[in-house]
Amino acid sequence: MQETPFCLRVGHLLPYSMSDSNTTDFTNPSTFILMGIPGLEAAHVWISIPFCTIYVLAVLGNFTILLVVKTEPSLHGPMYYFLCMLAVTDLVLSTSILPKILSIFWFNSREIDFHVCLIQMYVIHCFSAMESGIFVAMAFDRYVAICDPLRHSTILTNTVVAKIGLAVVLRGSILSLPCPILARQWPYCRTNIIPHSYCEHIAVVKLACTDTSVSSYYSLSFAFLMTGLDVSFIAMSYIKILRAIFSLPTKDAQLKTFGTCSSHLCAILTFYIPDLFSSLTHRFGRNVPRHFFILSANVYLVVPPLLHPLIYGVRTKEIRDKLLQLFTHKGV
């Protein structure tokens, strides 16, 4: 079985097998049927509780980050502008899948229009690519701030930050387009049942009754090239950052400087480690139940938007102080 990591973030290859009872003869369905989490239908209501909680907390947390940065002039800098981009990306990713997942769990609303399905697929790929690009931009910001602090404000001006943000958006938007475009042109003539809780790229393409190797090759190339380049750039940035930190004269100075990167490092880990875990599971976990793969694909998308505002809210002193100030004033 060929593994396709993601396009960018969610092209995980799930071990499907469609039964003959779910097979009908038709061409190009107007709607697809999302199965939720096959094998755990009886537990959908219970599974919805943590999913709903995660979504509510993610929305509140990311809107709080946006509000704090907007209302505090001292936070109007490159690092926090990139953090706001990350918050917007997380809000879009969460909202693109969780409302539909919850409607499946609560109301058994499994139908999704074919074109809406393709839009959902595109949004997930596009904003996942953007998120990876934002982490690269944040790594560059930390590199300049630590390795060339005297020129940080002149290198990362508001204009440069806006250009970086635009480049991230354009890269994600353009490179994600082939996924839904290719999926739209395939004929679907056997079944319209997607054994997943959202329109995951490979889950949809697997339903086509033609050779879809072009989609698989593009997805694989996209994953290796974009993710590989992004991770390589982040790694190179932090190698130079660590060299600069270890060259500082005192341990206190080293710890204090490293502390300015800790939030970014934690956020990177929450983004890339779940993908590594999922890829290894697909590679070596051939006896793992199907529902485990689908749950892991869902967790991979919904948990980081919850963790990112918690990480930055707890570990970034400026944001933490502003939050405490807001709550203290409300309490008074």
**OP:** Could you check Ser94 against Val302 for side-chain contact (heavy atoms from CB on, under 4.5 Å), going step by step and ending with a plain yes or no?
**Re:** CA-CA 6 Å; Ser94 296; Val302 303; 5.8 Å; no
Taking the side chain as every heavy atom from C-beta outward, state whether [X] and [Y] have any atom pair closer than 4.5 Å.
{"X": "Pro38", "Y": "His291", "value": "no"}
{"X": "Met79", "Y": "Met138", "value": "no"}
{"X": "Trp186", "Y": "Val204", "value": "no"}
{"X": "Ile194", "Y": "Cys199", "value": "yes"}
{"X": "Leu102", "Y": "Phe107", "value": "no"}
{"X": "Ile311", "Y": "Ser262", "value": "no"}
{"X": "Asn298", "Y": "Tyr198", "value": "yes"}
{"X": "Val161", "Y": "Met85", "value": "yes"}

According to the interplanar angle, ranging from 0 to 90°, do the rings of [X] and [Y] count as parallel (below 30°), tilted (30 to 60°) or perpendicular (above 60°)?
{"X": "Phe105", "Y": "Phe51", "value": "perpendicular"}
{"X": "Phe114", "Y": "Phe32", "value": "tilted"}
{"X": "Phe135", "Y": "Phe271", "value": "tilted"}

**OP:** Take Ile33 and Ile112 through the test side-chain contact (heavy atoms from CB on, under 4.5 Å) and record every step on the way to the result.
**Re:** CA-CA 6 Å; Ile33 306 296; Ile112 183 169; over 6 Å; no
Ignoring hydrogens and angles, state whether a donor on the side chain of [X] or [Y] is under 3.5 Å from an acceptor on the partner side chain.
{"X": "Tyr238", "Y": "His264", "value": "yes"}
{"X": "Asp113", "Y": "Thr31", "value": "no"}
{"X": "Ser213", "Y": "Asp211", "value": "yes"}
{"X": "Asn158", "Y": "His76", "value": "no"}
{"X": "Tyr272", "Y": "Thr227", "value": "no"}

Check whether [X] and [Y] end up in the same hydrophobic cluster, where Ile, Leu, Val, Met, Phe, Trp and Tyr are linked by side-chain heavy atoms less than 4.5 Å apart.
{"X": "Tyr80", "Y": "Val160", "result": "yes"}
{"X": "Ile239", "Y": "Val144", "result": "no"}
{"X": "Ile146", "Y": "Leu248", "result": "no"}
{"X": "Leu57", "Y": "Leu66", "result": "yes"}
{"X": "Val116", "Y": "Ile97", "result": "yes"}

Quick one: closest heavy-atom pair of [X] and [Y], and the distance?
{"X": "Tyr188", "Y": "Leu207", "answer": "CD2-C, 3.7 Å"}
{"X": "Gly36", "Y": "Arg110", "answer": "N-NH1, 4.1 Å"}
{"X": "Val168", "Y": "Met130", "answer": "CG1-O, 3.4 Å"}
{"X": "Leu118", "Y": "Ala183", "answer": "CD2-CB, 3.9 Å"}
{"X": "Gln120", "Y": "Lys100", "answer": "NE2-CB, 4.4 Å"}
{"X": "Asp148", "Y": "Ile155", "answer": "OD2-CD1, 4.1 Å"}

Please report the interatomic distance [atom1]([X]) to [atom2]([Y]), rounded to the nearest 0.5 Å.
{"X": "Ile134", "Y": "His308", "atom1": "CD1", "atom2": "NE2", "answer": "10.0 Å"}
{"X": "Ile47", "Y": "Cys52", "atom1": "CD1", "atom2": "SG", "answer": "14.0 Å"}
{"X": "Leu93", "Y": "His125", "atom1": "CG", "atom2": "NE2", "answer": "10.5 Å"}
{"X": "Cys266", "Y": "Leu310", "atom1": "SG", "atom2": "CG", "answer": "11.5 Å"}
{"X": "Cys147", "Y": "Leu242", "atom1": "SG", "atom2": "CG", "answer": "9.5 Å"}
{"X": "Leu265", "Y": "Arg142", "atom1": "CG", "atom2": "CZ", "answer": "10.5 Å"}

Original post:
Taking only residues two or more places apart in sequence, or in another chain, which ones meet Val299 in a side chain to side chain contact (heavy atoms under 4.5 Å, CB included)?
Top reply: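 Applying side chain to side chain contact (heavy atoms under 4.5 Å, CB included) to Val299 gives Val303.
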Got a donor-acceptor contact below 3.5 angstrom from the [X] side chain to the [Y] backbone?
{"X": "Ser247", "Y": "Ala244", "result": "yes"}
{"X": "Asn62", "Y": "Pro305", "result": "yes"}
{"X": "Thr212", "Y": "Ser215", "result": "no"}
{"X": "Ser173", "Y": "Leu170", "result": "no"}
{"X": "Thr257", "Y": "Gln254", "result": "no"}
{"X": "His196", "Y": "Ile294", "result": "no"}
{"X": "Glu72", "Y": "Leu75", "result": "no"}
{"X": "Ser221", "Y": "Tyr218", "result": "no"}

**OP:** Return yes when atom OH of Tyr143 has more than 12 non-hydrogen atoms of other residues, nucleotides or ligands closer than 6.0 Å, and no otherwise.
**Re:**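 Atom OH in Tyr143 is not crowded, with 12 or fewer foreign heavy atoms closer than 6.0 Å.
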**OP:** Let me see the working for Phe82 and Asp141 under side-chain contact (heavy atoms from CB on, under 4.5 Å), right down to the final yes or no.
**Re:** CA-CA 9 Å; Phe82 291 136; Asp141 169 70; 4.0 Å; yes
Subject >> Derivation of the side-chain contact (heavy atoms from CB on, under 4.5 Å) call for His152 and Leu156 >> reply: CA-CA 6 Å; His152 182 261; Leu156 284 171; 3.7 Å; yes
**OP:** Give a yes or no on whether a salt bridge exists between Arg171 and Asp230, defined as a side-chain N under 4.0 angstrom from a carboxylate O.
**Re:**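 Judged by the 4.0 Å cut-off on N to carboxylate O distance, Arg171 and Asp230 do form a salt bridge.
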